[in-house]
Amino acid sequence: MKKKKIILPVAAAALTAFAAWMIYTNVAIAVTEYTLSFRSLPSAFDGFRIAQVSDFHNTESACRAIVDGVRKAEPDMIAITGDIIYSRNVQIDCALELVGELSEIAPCYYVTGNHESRLTDEELERLLTGIRERGATVLRGEEKIVTKDGANISVLGVDDPDFFGDALFSVDITAEEISSKLTEGNFSVLLSHRPEFYDEYKKSGVNLVLAGHTHGGQVNLPFLGGVLVPDQGFFPEYDAGLFREDDFAMVISRGLGNSVMPVRFNNQREVVIIELKKEP
């Protein structure tokens, strides 16, 4: 009897703590910061800060926290890396509200995700027009040059591959496609919704890739990582975080909204902040 009196309160406390942790990690938004050094970065861009917002999925309840987190980080540029809407419940006004507020903080660059590829032509046109009207730059296979103190870097954005396939198969993103759109010799930042083309990104000569799509695997198991990611399957190689080789890096955001499953496990939503440094 004495053991039961001890075990029951302990079990109740453990369950309460677990429930509180689950609620917190599904509601609160983390700000994850990376400091990345590159040999090829122009000295003028040493300290340049990029905020990444990915996979918003019309999560209206998170809009204020996202904007506040980005504003506090004081970025020089904001990258919106796809799936700003949720194709099963399209709310374009919600997405445009977020873009409008972010555009007041810093120059914004947006690329599409797979959920945008499912919109009707009319819905997509309304979304893209609205994003441009709110001051953000839409990149659909285009390069933009960012200038600071006489030095340049390239920002390239590519459409999600689902725009170029059918219901079952999309085309791949290739190194040739990327490199053909870049100004030779520029330090380059690629915005692409999909992280699974890591090898092609690295071969293209781009320096930094910002991707999303994975939601961190939605369910994250300690020591094993994300459980399931679209287009990569179970326990994928590229689920979330930083992947780095030499003068190349890819950062995958865990995203801000959910798709299909409404709950995350051990996988907090996040805004990503990257500070670029000139490697001596």
Q: Tell me which one of Asp172, Asp83, Asp231 satisfies salt bridge (charged side-chain N to carboxylate O under 4.0 Å, His left out) with Arg194.
A: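 Going through Asp172, Asp83, Asp231 one by one, the salt bridge (charged side-chain N to carboxylate O under 4.0 Å, His left out) with Arg194 is satisfied by Asp231 alone.
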Q: Could you go through Val251 and Ile274, starting from their C-alpha distance and side-chain angles, then the distance that decides it, and tell me whether this counts as side chain to side chain contact (heavy atoms under 4.5 Å, CB included)?
A: CA-CA 9 Å; Val251 175; Ile274 298 165; 3.9 Å; yes
Q: How far does CG of Asp160 sit from CD1 of Ile173, to the nearest 0.5 angstrom?
A: 7.0 Å
Q: Give a yes/no verdict on a cation-pi contact between Arg269 and Phe56, requiring under 6.0 Å between NZ or CZ and the six-membered ring centre and an angle within 45° of the axis.
A: no
Q: Determine, for Phe164 and Arg140, whether the Lys NZ or Arg CZ falls below 6.0 Å from the six-membered ring centre while staying within 45 degrees of the axis.
A: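 No cation-pi geometry.
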Q: Measure the OG-CG distance between Ser188 and Asn207 for me, rounded to the nearest 0.5 Å.
A: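 One finds 4.5 Å between OG of Ser188 and CG of Asn207.
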Q: Could Asp76 and Arg49 be called an ion pair, given the rule that one side-chain N must be under 4.0 Å from one carboxylate O?
A: no
Q: Following the transitive rule for hydrophobic clusters with a side-chain heavy-atom cut-off under 4.5 Å over Ile, Leu, Val, Met, Phe, Trp and Tyr, establish whether Leu276 and Met250 coincide in one cluster.
A: no
Q: For the ring pair Phe45 and Phe187, is the centre-to-centre distance below 6.0 Å?
A: no
Q: Do Glu101 and Arg134 touch side chain to side chain, with heavy atoms closer than 4.5 Å?
A: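 Answer no - side chains too far apart.
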Q: Leu256 pairs by side chain to side chain contact (heavy atoms under 4.5 Å, CB included) with which of Ile84, Thr59, Val53?
A: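 The option that passes is Val53.
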Q: Hey, what do you get for NZ (Lys148) to CZ (Phe48), rounding to the nearest 0.5 Å?
A: 7.0 Å
Q: How long is the straight-line distance from CD of Glu97 back to CG of Asn58, given to the nearest 0.5 Å?
A: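 Here the rounded value is 11.0 Å.
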Q: Is any side-chain heavy atom of Leu127 closer than 4.5 Å to one of Glu116?
A: yes
Q: One pair to check against side chain to side chain donor-acceptor pair (under 3.5 Å): Glu176 and Ser180. What are the steps and the verdict?
A: CA-CA 6 Å; Glu176 292 76 14; Ser180 68; over 6 Å; no
Q: Looking at OG of Ser179 and CD of Glu184, how far apart are the two atoms once the value is rounded to the nearest 0.5 Å?
A: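 CD of Glu184 is found 10.0 Å from OG of Ser179.
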Q: Do Lys278 and Ser37 have side chains that get closer than 4.5 Å, going by heavy atoms?
A: no
Q: Apply side chain to side chain donor-acceptor pair (under 3.5 Å) to Tyr110 and Thr137, showing your working.
A: CA-CA 6 Å; Tyr110 162 84; Thr137 299; over 6 Å; no
Q: Should the ring pair Tyr238 and Phe243 be called parallel, tilted or perpendicular, given that the plane angle runs from 0 to 90° and is split at 30 and 60?
A: perpendicular
Q: Run the side chain to side chain donor-acceptor pair (under 3.5 Å) test on Asn258 and His57 for me, step by step, so that the C-alpha distance in whole Å, both residues' side-chain angles and the decisive distance to 0.1 Å come before the verdict.
A: CA-CA 7 Å; Asn258 297 324; His57 285 296; over 6 Å; no
Q: Side chains of Leu102 and Leu98, heavy atoms from C-beta outward: is any pair under 4.5 Å?
A: yes
Q: Using the rule given for salt bridge (charged side-chain N to carboxylate O under 4.0 Å, His left out), can you reason through Glu123 versus Arg126, listing the C-alpha separation, both sets of side-chain angles and the distance that settles it, and then say yes or no?
A: CA-CA 5 Å; Glu123 288 171 336; Arg126 183 183 163 211; over 6 Å; no
Q: Can you check whether His213 and His115 have ring centres sitting under 6.0 Å from each other?
A: no
Q: Starting at CZ of Arg264, measure out to CG of Asn220 and round the result to the nearest 0.5 Å.
A: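 Going from the CZ atom of Arg264 to the CG atom of Asn220 covers 10.5 Å.
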Q: Are Asp68 and Arg71 close enough, and set up right, to give a salt bridge (charged side-chain N to carboxylate O under 4.0 Å, His left out), and what steps lead you there?
A: CA-CA 5 Å; Asp68 289 345; Arg71 181 179 289 112; 3.6 Å; yes
Q: One thing to verify: whether Arg254 and Glu270 come together as a salt bridge, which I'm taking to mean a side-chain N less than 4.0 angstrom from a carboxylate O.
A: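 Yes, Glu270 and Arg254 are salt-bridged.
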